[in-house]
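All ligand and atom numbering here is 1-based and tracks the order in the structure. Hydrogens, waters and symmetry mates are skipped; everything else that's a heavy atom, side chains included, is used.
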Amino acid sequence: MQAKFPSQSLTTLTDLVLPGETNPLNNLFGGELLARIDRAASITARRHSRRICVTASVNHVAFNRAIPLGAVVTIEAKVSRTFTSSMEIVIDVWTEDRESGIKNSAGTAIYTFVAVDDTGNPVPVPPIIPQTDEEKSRFDAALRRKQLSLILAGKMKPSEATELKALFAGA
Ligand SMILES: CCCCCCCCCCCCCCCC(=O)SCCNC(=O)CCNC(=O)[C@H](O)C(C)(C)COP(=O)(O)OP(=O)(O)OC[C@H]1O[C@@H](n2cnc3c(N)ncnc32)[C@H](O)[C@@H]1OP(=O)(O)O
């Protein structure tokens with residue numbers, strides 16, 4: 001299967017925060033942001049694999065900064081690493097200052113998607129070739145995140161998590 005670059009499946013969603021999408025503090029409701037993140041990440045997974053993709057795990061979500069009513073929010077979803085049928089997608093959330101246009105990070109998320117066939121069975125996905133320094137560092141760290149996720153899901157024994165053990169051994 002031919003390898004692809006992260007830029008080939010990059011998904012960027014830019015949208016406003018409208019009144020029906022806020023919490024009582026007049027900031028974007030967390031669940032609304034999660035829905036937007038899931039949509040962007042699933043499009044990225046489909047673009048990379050060209051298969052039906054399901055969310056296997058939400059590995060990490062950080063809301064670093066409240067996003068106020070009326071803000072312009074941009075969500076960028078990129079494949080950071082692929083394994084056999086699974087893909088780790090890293091999602092960056094940005095707000096844009098209305099006057100200066102300066103982008104501020106509002107959060108990050110890491111999701112795992114699995115490509116499946118018509119009967120829901122996992123199928124292989126193309127390998128990924130990271131290009132930028134950030135893509136390379138996210139690629140390098142993805143295996144230990146996968147091992148941690150599998151341990152938390154009860155699908156891997158801690159004793160089998162070689163990459164994670166190496167991280168702590170070096171600490
Ligand atoms: C012509 C076409 C027209 C099409 C037109 C129709 C369009 C129609 C579009 C419909 C599009 C629907 C898109 C809905 C998108 C949602 O809404 S997803 C909704 C929420 N998610 C779900 O319902 C998924 C439910 N879970 C599952 O189906 C199964 O658990 C999964 C995810 C497929 C995994 O199955 P499994 O039997 O556990 O398989 P297993 O081989 O153990 O694991 C597969 C891979 O997942 C990894 N994995 C499993 N669990 C984890 C975990 N917790 N953490 C990390 N990795 C994990 C494994 O390590 C493995 O990775 P690889 O080593 O293969 O890379």
Determine, counting only non-hydrogen atoms of the protein, whether one lies under 4.0 angstrom from atom 46 (O) of ligand 1.
-> yes
Which segment of Val114 sits under 4.0 Å of ligand 1 when only heavy atoms are counted | side chain
Would you tell me whether Ser105 and Arg65 have side-chain atoms, one donor and one acceptor, within less than 3.5 Å of each other?
-> no
Under the 4.0 Å line, does any protein heavy atom show up next to atom 36 (P) of ligand 1?
-> no
Considering only distance and modelled atom types, tabulate donor-acceptor pairs under 3.5 Å from the side chains of residues 70-81, sequence neighbours left out.
from  : atom 1 : to     : atom 2 : distance (Å)
Thr74 : OG1    : Thr14  : OG1    : 3.1
Lys78 : NZ     : Glu135 : OE2    : 2.6
Ser80 : OG     : Glu88  : O      : 3.1
Ser80 : OG     : Glu88  : OE1    : 2.5
Arg81 : NH1    : Phe139 : O      : 3.0

Ranked by distance from atom 58 (C) of ligand 1, the top protein heavy atom is Lys146 NZ, 3.7 Å
If you count the atoms of ligand 1 from 1 in the order shown, which ones are under 4.0 Å from a heavy atom of Cys53?
-> 13 (C), 15 (C)
Region of Ser57 engaging ligand 1 - heavy atom pairs below 4.0 Å | side chain
Is any heavy atom of the protein nearer than 4.0 Å to atom 42 (O) of ligand 1?
-> no
When rounded to the nearest 0.5 angstrom, what distance separates CZ in Arg47 from OG1 in Thr44?
-> 6.5 Å
Enclosure of Asn64 CG (heavy-atom neighbours >12, cutoff 6.0 Å) | yes
Distance filter under 4.0 Å to Phe83 heavy atoms, resulting ligand 1 atoms = 65 (O)
Does anything in residues 10-25 pair up under salt bridge (charged side-chain N to carboxylate O under 4.0 Å, His left out), and if so which pairs, sequence neighbours excluded?
-> Glu21-Arg36
Taking all non-hydrogen atoms of both residues, which atom of Ser86 and which atom of Lys146 are closest, and how far apart?
-> OG-NZ, 3.0 Å
closest protein heavy atom to atom 52 (C) of ligand 1 is Ser149 OG, 3.6 Å
Contacting atoms of ligand 1, where contact means under 4.0 angstrom from a heavy atom of Ala153 = 53 (N)
Tell me which protein heavy atom sits closest to atom 22 (C) of ligand 1, plus the residue, atom name and distance to 0.1 Å.
-> Thr55 O, 3.7 Å
Counting heavy atoms not belonging to Phe83, are there more than 12 under 6.0 Å from its CZ?
-> yes
Which residue holds the protein heavy atom closest to atom 40 (P) of ligand 1, what is that atom called, and what is the gap in Å?
-> Pro122 CG, 4.4 Å
Using a cut-off of 6.0 Å, state whether more than 12 heavy atoms not belonging to Asn121 lie near its atom CG.
-> yes
Work out which heavy atom in Ala115 is nearest to a heavy atom in Met87; give both atom names and the distance.
-> N-CE, 4.0 Å
Salt-bridged, Asp92 to Arg138, with N to O below 4.0 Å?
-> yes
Ignoring hydrogens, tell whether any protein atom lies closer than 4.0 Å to atom 25 (C) of ligand 1; use the non-hydrogen atoms only.
-> no
Hey, is atom 55 (C) of ligand 1 under 4.0 Å from any protein heavy atom?
-> yes
Thr112 heavy atoms within 4.0 Å reach ligand 1 at atoms 55 (C), 56 (N)
In this structure, are over 12 heavy atoms from other groups packed under 6.0 Å from Ile102 atom CD1?
-> no
Got a protein heavy atom sitting under 4.0 Å from atom 17 (O) of ligand 1?
-> no
Nearest protein heavy atom with distance in Å, relative to atom 30 (O) of ligand 1 | Lys155 NZ, 4.5 Å
Closest protein heavy atom (residue, atom, distance) for atom 7 (C) of ligand 1 | Arg46 NH1, 4.0 Å
Smallest heavy-atom separation, Thr95 atom then Ala106 atom, equals CG2-CB, 4.2 Å
Looking at atom 28 (O) of ligand 1, what's its closest protein heavy atom, distance included?
-> Val54 CG2, 4.2 Å
Candidate pair Ser100 and Asp97, rule side chain to side chain donor-acceptor pair (under 3.5 Å), full reasoning | CA-CA 6 Å; Ser100 66; Asp97 185 87; 3.1 Å; yes
Closest protein heavy atom (residue, atom, distance) for atom 44 (C) of ligand 1 = Ser85 OG, 3.5 Å
Does atom 2 (C) of ligand 1 have any protein heavy atom closer than 4.0 Å?
-> no
